[in-house]
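Worksheet for the structure shown next.
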Amino acid sequence: MTTHGFTLFDTAIGTCGIAWSERGVIGVQLPEAAAAKTRARLLRRSPDLHEAPPPPEVQRAIDRIVALLRGERSDLTGVALDTDQVPAFERRVYEVARTIAPGATLSYGEIATRLGDRGLARDVGQALGRNPFPLIVPCHRVLAAGGKVGGFSANGGVTTKLRLLTIERAQTSDTPTLFDGDGAFGFAVKPRRRSAR
């Protein structure tokens, strides 16, 4: 990649944005309420960028993101990221998160364990909350303990996270889903237990 820039592109869930440098993708923006808000949010993180046609490597990433959001199997692990501005711990978290295949999930604690210290689960959650590369670094595939959804910092919050997991046909518990048996899969979350007080 020889230039810096950003572009917006349409997907099944709305208008997304992507920004790049000569080293790789520097940011992905999930849809906001309107395309102008998506653009503004992307530029807040990278104010020096100008809208431009994407270079071939970025266009391939866009095509893969569009396919993923249409519900197709799409591999984003080969998309080059420019992580120069990302702290070392967060880079390590993102590397582990990128190993989670569409339709699969890990917990914050499982990622922390893979990093060598299960006690880092909260730090993992915070790092994923600052993820500048959603979808390419699939933070939506990371859940809280016990199959609970956990948080999500994109527009729409947990609803957006559940929508992404549904598109990928992820099942996070043994609870049957609405569509089991039909060849399609819905999303099921283990019900929360009420504590007796």
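Atoms considered below: every heavy atom in the structure, side chains included; atoms not considered: hydrogens, waters and symmetry mates. It should be emphasised that the depicted structure is a prediction, and the values quoted were computed from it without experimental measurement.
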- prompt: Could you walk me through whether I65 and I136 pass the side chain to side chain contact (heavy atoms under 4.5 Å, CB included) check?
  reply: CA-CA 8 Å; I65 290 169; I136 297 174; 4.3 Å; yes

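- In this structure, Q85 places its CD atom where only 12 or fewer heavy-atom neighbours from other residues, nucleotides or ligands lie under 6.0 Å away.
- Of all heavy-atom pairs spanning N131 and F133, the tightest one is OD1-N, 2.7 Å.
- When all heavy atoms are compared, the tightest approach of L43 to F6 is CD2-CE2, 3.6 Å.
- D75 places none of its side-chain heavy atoms less than 4.5 Å from the side chain of R64.
- Side-chain contact between K37 and P31 is absent, with no heavy atoms from C-beta onward closer than 4.5 Å.
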- prompt: What's the verdict on side chain to side chain contact (heavy atoms under 4.5 Å, CB included) for L162 and F152, showing C-alpha distance, side-chain angles and the deciding distance?
  reply: CA-CA 10 Å; L162 291 172; F152 198 60; over 6 Å; no

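- Using a 4.5 Å heavy-atom threshold, the side chains of I62 and T7 count as touching.
- At least one donor-acceptor pair under 3.5 Å links the side chain of R169 to the backbone N or O of G71.
- The backbone N or O of V86 lies less than 3.5 Å from a partner atom in the side chain of R91, making a donor-acceptor pair.
- At least one donor-acceptor pair under 3.5 Å links the side chain of T38 to the backbone N or O of E32.
- Looking only at side-chain heavy atoms (C-beta outward), L115 and D123 stay at 4.5 Å or farther from each other.
- For R118, the salt bridge (charged side-chain N to carboxylate O under 4.0 Å, His left out) test picks out no residue, with sequence neighbours left out.
- S21 has its side chain out of reach of D84: every pair of non-hydrogen atoms, C-beta onward, lies at least 4.5 Å apart.
- The backbone N or O of A104 sits nowhere less than 3.5 Å from a side-chain atom of R141 that would complete a donor-acceptor pair.
- Across P138 and A97, no two heavy atoms sit closer than the pair CG-O, 3.3 Å.
- Surrounding CZ of R122 are at most 12 heavy atoms belonging to other residues, nucleotides or ligands under 6.0 Å away.
- Counting heavy atoms from C-beta outward, L164 and I13 have side chains that approach closer than 4.5 Å.
- Looking at S107, its side chain never comes within 3.5 Å of a backbone N or O of A145 through a donor-acceptor pair.
- Applying the salt bridge (charged side-chain N to carboxylate O under 4.0 Å, His left out) test to R114 and every residue at least two apart in sequence or in another chain returns nothing.
- Nearest heavy atoms, H140 versus L135: CE1-CD2, 3.9 Å.
- When atom types are taken as modelled, the side chain of K161 and the backbone of V142 share a donor-acceptor pair closer than 3.5 angstrom.
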- prompt: Between V79 and R98, is a side chain to side chain contact (heavy atoms under 4.5 Å, CB included) present by the stated rule, with each step listed?
  reply: CA-CA 10 Å; V79 175; R98 288 189 85 183; 3.9 Å; yes

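- Between P54 and V58, the shortest heavy-atom contact is CB-CG1, 3.7 Å.
- Under a 3.5 Å cut-off, the side chain of R73 and the backbone N or O of P102 do form a donor-acceptor pair.
- Under a 3.5 Å cut-off, the side chain of Y94 and the backbone N or O of A127 do form a donor-acceptor pair.
- Residues L8 and R39 form a side-chain contact, since some pair of their non-hydrogen atoms from C-beta on lies under 4.5 Å apart.
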message: Before you tell me yes or no, could you show the steps for V149 and L165 under side chain to side chain contact (heavy atoms under 4.5 Å, CB included), namely the whole-Å CA-CA distance, both residues' side-chain angles and the distance that decides it to 0.1 Å?
response: CA-CA 10 Å; V149 177; L165 289 167; 5.6 Å; no

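- A heavy-atom distance below 4.5 Å is found between the side chains of W20 and P55.
- In this structure, A33 and N155 approach most closely via the heavy-atom pair N-ND2, 3.6 Å.
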